[in-house]
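For reference, the structure is listed below as structure tokens.
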Amino acid sequence: MPELPEVETIARGLAKRISGDSIESVWLGPKPEPLKSSAAEIAAALEGRRILNVRRVGKHIVFDLEGNQNGAAKIRAQWIVHLGMTGSLLICPAESELEKHTHAVLQLASGRELRFIDPRRFGRLSVIDKFEAPGAEPLQIDFEGFTALFRGRKTPIKSALLNQKLLSGVGNIYADEALFRAGIRPRRRAASLTRDEFKRLHSSLKRVLKEAIRLGGSSISDYVDSNGEEGFFQLKHRVYGRDSEPCLVCKTRIKRIVIAGRSSHYCPSCQK
DNA sequence: ACTATGTCCTGCGAGC
DNA sequence: TGCTCGCAGGACATAG
């Protein structure tokens, strides 16, 4: 569910509120294990650890944990959370009632709890030494690097933007919004874009992501950050979720098509 | 190697 | 009111 701006908002909120806190004990939910590592592995790696920092990498939330002093060597660890479509991480008072679909609860030394809730169970938890995303960060990559990602690709530009091995963090909403702002149709073959079009796409993607971060992400259906607060970027959507509504620029009806199984929205007149 | 398609899940709103 | 259908912010495996 959450894309780069939502994950960034969640990670910043968590960093502010739980950095320095320690994980006293871990409860992992029953049978449907939404986990990549085994439950025992995760619990063992988390219990007793102090959280140094929380940050975003692509659509992943990375918890940097303090190394355990184990003889001479410090064992470092990172707890990685991917929220899938419907995952959320909430900081709650320990006494507050457990929400349905709660799959993990971390008791913190401060007396609060960090809870992982995920109705559709597409989310994943894992523990590794050093996490690295395969794709480039869209807010970091320069123009030459950006165009190089798409060289020789016949897939629609929309699909290429969603490919996490190329770019980390772009999802369905921001791909559609960036393509609209760049004036490019989602079905265009990636390699067919001109240099000028890549220029527009590169800058509109960054602009859209930055503005969305500023507004705390897009709240559609159930997205909330770690404080349970909603974002406001959905108010700025120009095409996403606006099927058949008039284009805000030219009044043409926004079209909805399916590309690689994902709904895609565009203005047939503004986008070429 | 690259691309398109199906699958994993639950919940919600639309339409009958 | 209650049912069924289609759809949902993601990522993988598989087949071609």
Side-chain angles (χ1 to χ4, degrees), chain A residues 1-11 29-37 56-61 80-89 99-103 116-126 131 133-135 138 148-180 186-192 205 208-209 212-213 215-226 230-244 255-265:
Chain A
M1 114 197 239
E3 307 181 28
L4 187 153
E6 291 77 32
V7 178
E8 179 72 28
T9 303
I10 293 166
K31 1 176 183 168
E33 292 191 5
L35 314 169
K36 208 177 222 169
S37 320
R56 175 194 67 78
V57 176
K59 293 177 195 170
H60 303 260
I61 299 171
I80 312 299
V81 178
H82 192 295
L83 298 170
M85 294 273 254
T86 53
S88 56
L89 281 168
E99 243 180 87
K100 196 176 173 186
H101 305 299
T102 298
H103 302 300
F116 173 61
I117 300 138
D118 183 16
R120 278 174 78 181
R121 293 195 272 136
F122 289 169
R124 291 290 177 266
L125 312 181
S126 54
F131 177 75
L149 295 176
F150 306 104
R151 207 155 285 151
R153 300 207 172 252
K154 292 190 214 140
T155 195
I157 184 65
K158 165 77 184 277
S159 302
L161 288 171
L162 293 181
N163 183 344
Q164 300 297 299
K165 294 196 174 116
L166 300 178
L167 283 171
S168 273
V170 181
N172 210 29
I173 295 178
Y174 299 101
D176 280 4
E177 293 297 321
L179 285 167
F180 174 79
R187 263 214 255 263
R188 286 276 303 282
R189 305 281 128 183
S192 80
L205 179 61
V208 161
L209 293 173
I213 290 171
L215 295 178
S218 301
S219 284
I220 303 179
S221 72
D222 52 5
Y223 163 72
V224 288
D225 70 12
S226 60
E230 297 185 350
F232 296 97
F233 191 75
Q234 67 280 9
L235 304 174
K236 304 279 183 179
H237 292 177
R238 299 191 193 164
V239 285
Y240 183 84
R242 299 194 63 247
D243 182 24
S244 311
K255 255 188 135 174
R256 176 186 174 280
I257 58 176
V258 174
I259 300 173
R262 313 296 305 278
S263 74
S264 305
H265 313 74

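Every chain is numbered from 1, with letters handed out A, B, ... down the list of sequences. The structure displayed is predicted, hence computed values, not measured ones. What you see below is based on every heavy atom in this structure, not just the backbone, and it leaves out hydrogens, waters and symmetry mates.
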With a 4.0 Å cutoff (strictly under), does any side-chain N or O of [X] reach OP1 or OP2 of [N]?
| X | N | answer |
| --- | --- | --- |
| A:Lys165 | C:dC12 | no |
| A:His82 | C:dA11 | yes |
| A:Ser263 | C:dA8 | yes |
| A:Arg124 | C:dA11 | no |

Could you state the atom-to-atom distance from [atom1] of [X] to [atom2] of [N] in whole Å?
| X | N | atom1 | atom2 | answer |
| --- | --- | --- | --- | --- |
| A:His103 | B:dT10 | NE2 | P | 9 Å |
| A:Arg262 | C:dG6 | CZ | P | 19 Å |
| A:Leu162 | C:dC12 | CG | P | 13 Å |
| A:Leu166 | B:dA1 | CG | P | 15 Å |
| A:Ile117 | B:dG11 | CD1 | P | 14 Å |

Test item: A:Pro5 and A:Phe233 side chains (from C-beta on) under 4.5 Å apart, heavy atoms: no
Interatomic spacing from NE2 in A:His101 to CZ in A:Arg120 - rounded to 0.5 Å: 11.5 Å
Partner set under side-chain contact (heavy atoms from CB on, under 4.5 Å) for [X], not counting sequence neighbours:
| X | value |
| --- | --- |
| A:Leu166 | A:Arg153, A:Ala160, A:Asn163 |
| A:Pro156 | A:Ser159, A:Arg189, A:Ile259 |
| A:Gln234 | A:Ser218, A:Ser219, A:His237 |
| A:Phe131 | A:Val57, A:His60, A:Val62, A:Gln78, A:Ile80, A:Ile128, A:Ala133 |

Dump the pairs, protein N or O against N or O of nucleotides 7-9 of chain B, anything under 3.5 Å, distances to one decimal.
unit_1, atom_1, unit_2, atom_2, d
B:dC9, O3', A:Arg121, NH2, 2.8
B:dC9, O2, A:Arg120, NE, 2.9

Spacing of the P atoms in B:dC9 and C:dT14 (rounded, Å): 15 Å
Non-neighbouring partners of A:Glu177 that pass side chain to side chain donor-acceptor pair (under 3.5 Å), sequence neighbours left out: A:Arg181
Partners meeting side chain to side chain donor-acceptor pair (under 3.5 Å) with A:Ser263 (sequence neighbours left out): none
All salt bridge (Lys or Arg N to Asp or Glu O under 4.0 Å) counterparts of A:Arg242, not counting sequence neighbours: A:Glu245
Quick test: give all pairs of protein nitrogen or oxygen and nucleotides 2-6 of chain B nitrogen or oxygen below 3.5 Å, distance rounded to 0.1 Å.
unit_1, atom_1, unit_2, atom_2, d
B:dT3, OP1, A:Lys154, N, 2.7
B:dT3, OP1, A:Thr155, N, 3.2
B:dT3, OP2, A:Arg153, NH1, 3.1
B:dA4, OP2, A:Thr155, OG1, 3.0

Inter- and intrachain pairs under salt bridge (charged side-chain N to carboxylate O under 4.0 Å, His left out), touching residues 167-176 of chain A, at least two apart: A:Lys158-A:Asp176
Salt bridge (charged side-chain N to carboxylate O under 4.0 Å, His left out) partners of residues 165-175 of chain A, not counting sequence neighbours, each pair once: none
Stem list, DNA chain C (Watson-Crick or G-U pairing under 3.5 Å, at least 3 consecutive pairs): B:2-8 with C:10-16, B:10-16 with C:2-8
